[in-house]
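Numbered from 1 within each chain, the chains take letters A, B, ... in sequence-line order.
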Amino acid sequence: MRIWLEKQLHLIDFTLASLARRKSKNIGLLAVYALLVFALASVGLFANALRSEASFVLASSPEVILQRLVAGRHDLIPPGYLEKIGRIRGVQKQEGRLWGYYYDAVVKANYTFMARPAEEIAPGSIAIGATLARLRGLAPGNVISFRAYGGKLFTFRIASLLSPDAELLSADLVLLAEADFRAFFDYPAGHYTDIALSVANPQEVRNIAGKLSQALPDSRPILREEVLRTYQSMFDWREGIMLTILAGAIFAFIILAWEKAAGLSAEERKEIGILKAIGWETGDVIRMKLWEGLLVSLAAFLIGFIAAYIHVFYCGASLLEPVLKGWSVLYPRFTLIPAVDGMQVASLAFFTIFPYCAAVLVPIWRAAITDPDSVMRA
Amino acid sequence: MIELLAVKKAFNQGRSNEYWALNGIDLRIEAGRVTALRGPSGSGKTTLLTLIGCLARPTSGRVRLKGEDISGLPERFLTEIRRQTFGFIFQQFNLIKGLSALENVILPALPTGRPRRELVARAEALLAQLQLSHRAAARVEWLSGGEQQRVAIARALINDPEVIVADEPTANLDTVLSGEFMVILESLSAAGKTVLLSSHDPLVVESPVVHRVIAMRDGRLVDL
Amino acid sequence: MKLRSSLLVLSLLGLGLALLGLLWLDASHPTDAARQQRSARQKLAERLGLTDLSLFMEARYTRHPSQADLHAALQDHPAAFEHFPSGALLPPPAVLTESHAYLAGKTTSPD
Ligand SMILES: Nc1ncnc2c1ncn2[C@@H]1O[C@H](COP(=O)(O)OP(=O)(O)O)[C@@H](O)[C@H]1O
Ligand SMILES: [Mg+2]
């Protein structure tokens with residue numbers, strides 16, 4: 001055991017000394033490799049944390065949302081629908097919701113307006129999300145005017161800002177009293193945007209959705225589980241974009257690594273011959289090279305992954321922001337709560353370490369089985 | 001110590017460029033003596049040394065080391081024997097560039113798993129014996145030819161082998177350095193090593209250090 | 001004596017692995033601040049009945065992906081990434097992109 005250990009240390013010493021001979025080239029390779037791991041891990045960690053945050057936070061959204069469709073498109077809930085639903089067993093609460101979008105030509109951004117009961121938001125005042133407040137430079141007590149789609153100007157007083165802790169959910173929210181909402185959008189009386197239902201027993205949700213579509217054939221129930229699923233796949237899709245962008249970088253690296261690791265130069269070939277001639281076994285040569293691959297790729301993985309973790313969870317994933325921000329003017333400031341998926345880390349580790357070791361080993365295998373007597377010839 | 005029986009060696013056997021480098025060699029080499037192979041270029045000296053030094057296997061015939069037939073052993077065992085029994089001094093020195101003299105000297109001992117401290121101490125002692133202590137940390141490509149050869153000699157001795165095999169040791173050295181090499185050779189012999197070398201340099205083969213000269217031509221032994 | 005290079009590198013890698021373990025611990029034990037943040041988010045979602053994160057606000061169906069109607073992807077921004085592979089083959093009609101560029105910032109009504 002001691003001998004085995006000492007031997008491995010010798011092999012590592014040797015492989016490090018060999019690497020040190022082309023210091024700048026090998027450090028450059030390590031840096032590119034680590035950068036690649038960093039980019040992949042950043043995207044992976046970010047998406048995973050966002051997914052887990054979405055599933056935590058949206059777990060308390062309404063069990064069922066009922067939309068009405070006209071000609072395949074979302075339409076207003078006309079009066080009488082709430083009554084038509086009547087009493088379905090298992091539904092605890094059903095309420096019509098009022099919300100919609102408003103385009104603010106000043107900053108060219110879309111806001112989400114949402115009506116709240118008068119006891120929560122007094123008529124004439126609004127509560128706004130922190131991102132919006134920052135973008136428009138608003139503080140509680142300020143006054144702001146919006147020109148309604150009908151052309152009339154409405155002035156509101158900012159009553160409060162929504163908690164900055166919840167910016168991830170409320171960046172563009174404008175909460176206003178129901179009467180204000182109806183007046184602002186010219187919303188026909190008795191109409192609603194959609195209906196939210198709360199169901200006590202999760203087992204019954206599907207049943208209830210079935211009954212709803214029977215009672216109201218032109219409606220579409222959206223279940224909370226579908227909402228959660230939307231977010232699972234949503235970030236997969238976003239991630240896909242990043243991976244597409246990164247694919248170029250990955251291929252470039254593969255070519256670089258292959259060139260460096262796989263293309264054995266005549267000199268390296270000769271060195272292996274010398275080692276064999278002076279008493280190294282083929283296995284020793286292969287183990288030595290395996291150490292090289294393992295050390296380089298493990299170092300790249302650790303550097304890249306740790307840097308990515310710090311970047312995503314302690315620096316607000318600032319480098320990913322431009323990609324995720326897309327076309328939106330508003331972008332919430334938020335910190336993600338660290339979440340790591342073991343499977344994700346393991347597969348990233350595997351895909352960084354294994355291919356590199358393989359690329360190092362394949363040509364060595366060929367060289368190591370050549371006869372040692374070749375070194376006796378010039 | 002080493003016995004060869006009807007040893008033949010062919011290169012590219014079965015192909016159009018088949019070439020018999022050795023055509024039936026019978027030879028005994030005694031322990032503790034300095035034996036020189038002499039012969040013109042292409043006579044098969046190097047080939048013979050590779051067979052004795054377990055770097056290659058004969059096409060036919062037997063090679064015995066201390067009574068044991070080694071010609072049919074699998075590579076693993078040959079490597080083991082090579083590492084323990086033989087130290088090589090190659091014509092081109094074959095040092096590994098970019099590494100220091102000391103790192104080069106300990107190379108053959110790495111697979112043994114002996115503690116590094118022990119190896120470094122032994123390598124330093126060997127380099128001191130060869131008057132190279134001051135160059136131990138220098139990269140080998142910065143050393144002169146004579147210094148490089150002494151590094152190669154130290155490397156051949158690191159595993160304390162019984163037999164030293166040297167192929168054309170003076171081919172790349174001037175007269176003065178060749179003379180110094182013969183002095184080292186004498187001390188090795190005095191220390192009880194069996195030395196086997198090939199050369200067509202009269203300075204070597206006619207030296208009193210060499211106990212026995214074997215002449216070769218066209219892959220056969222010839223009488224002087 | 002100088003530390004042997006193999007031991008130096010192995011201990012650095014060991015340090016890296018230990019750091020990885022620390023990150024693991026960090027991820028599995030959210031701080032009080034993080035917990036508070038998450039409960040603030042949860043409370044707001046519950047109080048307002050929110051169904052979506054306000055992350056991507058360039059289109060209705062990215063602002064409220066879970067509420068978008070079934071054809072929402074077709075209402076895309078002319079230059080945004082398309083959900084369907086055909087989007088890679090069929091660019092938006094030139095009229096659409098041109099008029100959009102022409103009107104951008106000149107209207108007071110939404111796109
Ligand atoms: N790998 C090889 N393939 C073909 N021919 C070889 C090979 N190695 C040596 N030879 C031939 O074998 C003969 C003996 O070579 P060698 O043993 O090197 O002679 P010496 O060392 O006495 O000059 C030479 O003619 C050489 O060309
Ligand atoms: Mg020769």
Side-chain angles (χ1 to χ4, degrees), chain A residues 1-27 264-292 365-378, chain B residues 9 11 45-47 49-51 53-57 75-100 103-119 139 141 152 155-156 158-159 161 165 167-168 171-172 198:
Chain A
M1 184 63 200
R2 270 201 65 83
I3 289 183
W4 182 87
L5 206 72
E6 189 65 35
K7 181 170 161 181
Q8 304 310 312
L9 289 180
H10 285 318
L11 295 180
I12 294 172
D13 277 333
F14 178 79
T15 207
L16 288 173
S18 302
L19 287 174
R21 287 183 294 183
R22 280 171 218 93
K23 218 178 237 145
S24 49
K25 189 177 169 189
N26 286 316
I27 288 179
L264 259 199
S265 64
E267 195 183 344
E268 280 173 297
R269 211 176 282 261
K270 191 178 166 211
E271 277 175 21
I272 290 168
I274 295 173
L275 291 176
K276 290 191 71 175
I278 61 176
W280 285 43
E281 279 170 29
T282 302
D284 296 329
V285 175
I286 289 172
R287 260 176 292 240
M288 181 271 288
K289 274 288 171 183
L290 196 62
W291 274 118
E292 176 191 322
W365 184 262
R366 248 187 298 131
I369 55 175
T370 54
D371 280 336
D373 67 333
S374 56
V375 293
M376 291 287 254
R377 327 263 167 207
Chain B
K9 177 73 178 177
F11 291 106
K45 305 183 294 295
T46 302
T47 307
L49 290 183
T50 63
L51 297 186
C54 297
L55 286 165
R57 289 195 201 91
E75 199 208 290
R76 264 184 71 99
F77 295 96
L78 281 184
T79 310
E80 184 94 25
I81 292 169
R82 186 158 75 232
R83 181 164 66 228
Q84 284 172 0
T85 315
F86 295 96
F88 293 91
I89 302 163
F90 302 102
Q91 185 174 351
Q92 314 295 335
F93 311 140
N94 281 339
L95 300 173
I96 294 200
K97 289 200 192 79
L99 300 189
S100 70
E103 293 293 338
N104 263 287
V105 171
I106 65 173
L107 277 180
L110 298 188
T112 63
R114 279 154 65 197
R116 184 175 170 89
R117 198 179 309 228
E118 195 183 307
L119 294 183
R139 285 171 162 238
E141 63 266 34
R155 184 178 69 180
I158 187 80
N159 282 335
V165 176
D167 190 21
E168 311 265 2
N172 292 319
S198 77

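- One finds a salt bridge joining A:E281 and B:R76 here, because a Lys/Arg side-chain nitrogen approaches an Asp/Glu carboxylate oxygen to under 4.0 Å.
- The part of B:R155 that comes within reach of chain A is its side chain, from C-beta onward, which places non-hydrogen atoms under 4.5 angstrom from that chain.
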Does B:R116 form a salt bridge (Lys or Arg N to Asp or Glu O under 4.0 Å) with A:D13? I'd like the steps, not just the answer. CA-CA 10 Å; B:R116 184 175 170 89; A:D13 277 333; 3.6 Å; yes
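- Heavy atoms closer than 4.5 Å to chain B are found in the side chain of A:L275, but not in its backbone.
- Residues B:R139 and B:L99 form no side-chain contact, since every pair of their non-hydrogen atoms from C-beta on lies 4.5 Å or further apart.
- Here B:K97 does not pair with B:E103 in a salt bridge; the nearest charged N to carboxylate O distance is not below 4.0 Å.
- In terms of heavy atoms, B:A156 sits closest to B:P161 at O-CG, 3.2 Å.
- Of the atoms belonging to B:N94, heavy atoms from both backbone and side chain fall under 4.5 Å from chain A.
- With chain B as partner, the option from A:K7, A:R2, A:R287, A:M288 having the largest number of non-hydrogen pairs under 4.5 angstrom is A:K7.
- Using a 4.5 Å cut-off between heavy atoms, B:L95 contacts chain A through its backbone alone, with no side-chain atom that close.
- Neither the backbone nor the side chain of B:S100 comes within less than 4.5 Å of any heavy atom in chain A.
- Using a 4.5 Å cut-off between heavy atoms, B:E168 does not touch chain A at all.
- The choice from A:G279, A:A20, A:G283 that makes the most heavy-atom pairs within less than 4.5 Å of chain B is A:G279.
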Trace of the side-chain contact (heavy atoms from CB on, under 4.5 Å) decision for A:K289 with A:T15: CA-CA 7 Å; A:K289 274 288 171 183; A:T15 207; 5.7 Å; no
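- In this structure, chain A has a heavy atom under 4.5 Å from the side chain of B:R82, while its backbone stays farther away.
- By the 4.5 Å heavy-atom criterion applied to side chains, A:W280 and B:L107 are counted as neighbours.
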